[in-house]
Amino acid sequence: MEELNNQIYGCKKCRLWQGAKHGVPGEGPLNAKVMFVGQNPGADEDESGRPFVGRAGKYLTKTLVEFGIKREEVFITNIVKHVSPKNRKPYDDEVRACLPYLVTQINMIKPEIIVLLGASAKETPRIEGIEYIQIIHPSAAMRFTKMREKFRQQIADLAKRLK
Ligand code: SF4
């Protein structure tokens, strides 16, 4: 994993590295049962080099803990590993260039469940034997009451399955 992370830090396979301070490979244990995948790192992630550490990430972590899932138990990453200008949606060619890193991470970790954070994570490659669950993105859950209720229920359901 360290070698893969170093490849990501030095990657220039698409244009996104140019505006980024840090590559954000993702983090979590190699034996994680669950992998969370978002779309792309934001400004806080770019600053720190860590995934989901901004407001939405903190909210996700807090909700996981509330339902008995420790953040250190899960692997968290994104489809593309560098921040995009003004946090725009990554272009198709950027996603295509970056996806091999995610495929390698999935093959290394072999999670039982991959949780797609919002519709924007839909490009995550489907690999046989893994269950895919799409949930509300934590940033939407923070903003809208109905989505928050559904998001919390989705995390509660996930927690039950992990017991
Ligand atoms: S976003 Fe992915 S493909 Fe593009 S430069 Fe970064 S690591 Fe490489």
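As the structure lists them, so they are numbered: ligands from 1, and atoms in each ligand from 1.
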**Prompt:** Out of curiosity, R71 CZ to K62 NZ, how far, rounded to the nearest 0.5 Å?
**Reply:** 14.5 Å
**Asked** In terms of atom number and element, which parts of ligand 1 are under 4.0 angstrom from non-hydrogen atoms of C98?
**Response** 1 (S), 2 (Fe), 3 (S), 7 (S)
**Message:** Using a 6.0 Å cut-off, check whether atom NZ of K89 has over 12 heavy atoms from anything other than its own residue.
**Reply:** yes
**Request:** Give the residue and atom name of whichever protein heavy atom lies nearest to atom 4 (Fe) of ligand 1, and the separation in Å to one decimal.
**Result:** C14 SG, 2.3 Å
**Prompt:** So K13 and E94, salt bridge (Lys or Arg N to Asp or Glu O under 4.0 Å) or not? Walk me through it.
**Reply:** CA-CA 8 Å; K13 285 201 292 170; E94 294 161 351; over 6 Å; no
**Fill in**
Which atom of H82 is nearest atom 6 (Fe) of ligand 1, counting N, O or S only? It is ND1
**Y101: numbered ligand 1 atoms lying under 4.0 Å from its heavy atoms** = 7 (S)
**Asked** Identify the closest protein heavy atom to atom 8 (Fe) of ligand 1: which residue and atom is it, and at what distance?
**Response** C11 SG, 2.3 Å
**Prompt:** Is NZ or CZ of K160 both nearer than 6.0 Å to the six-membered ring centre of F67 and within 45° of the ring axis?
**Reply:** no
**Message:** Can you confirm if the NZ or CZ of R88 lies within 45° of the ring axis of Y91 and under 6.0 Å from the centre of its six-membered ring?
**Reply:** yes
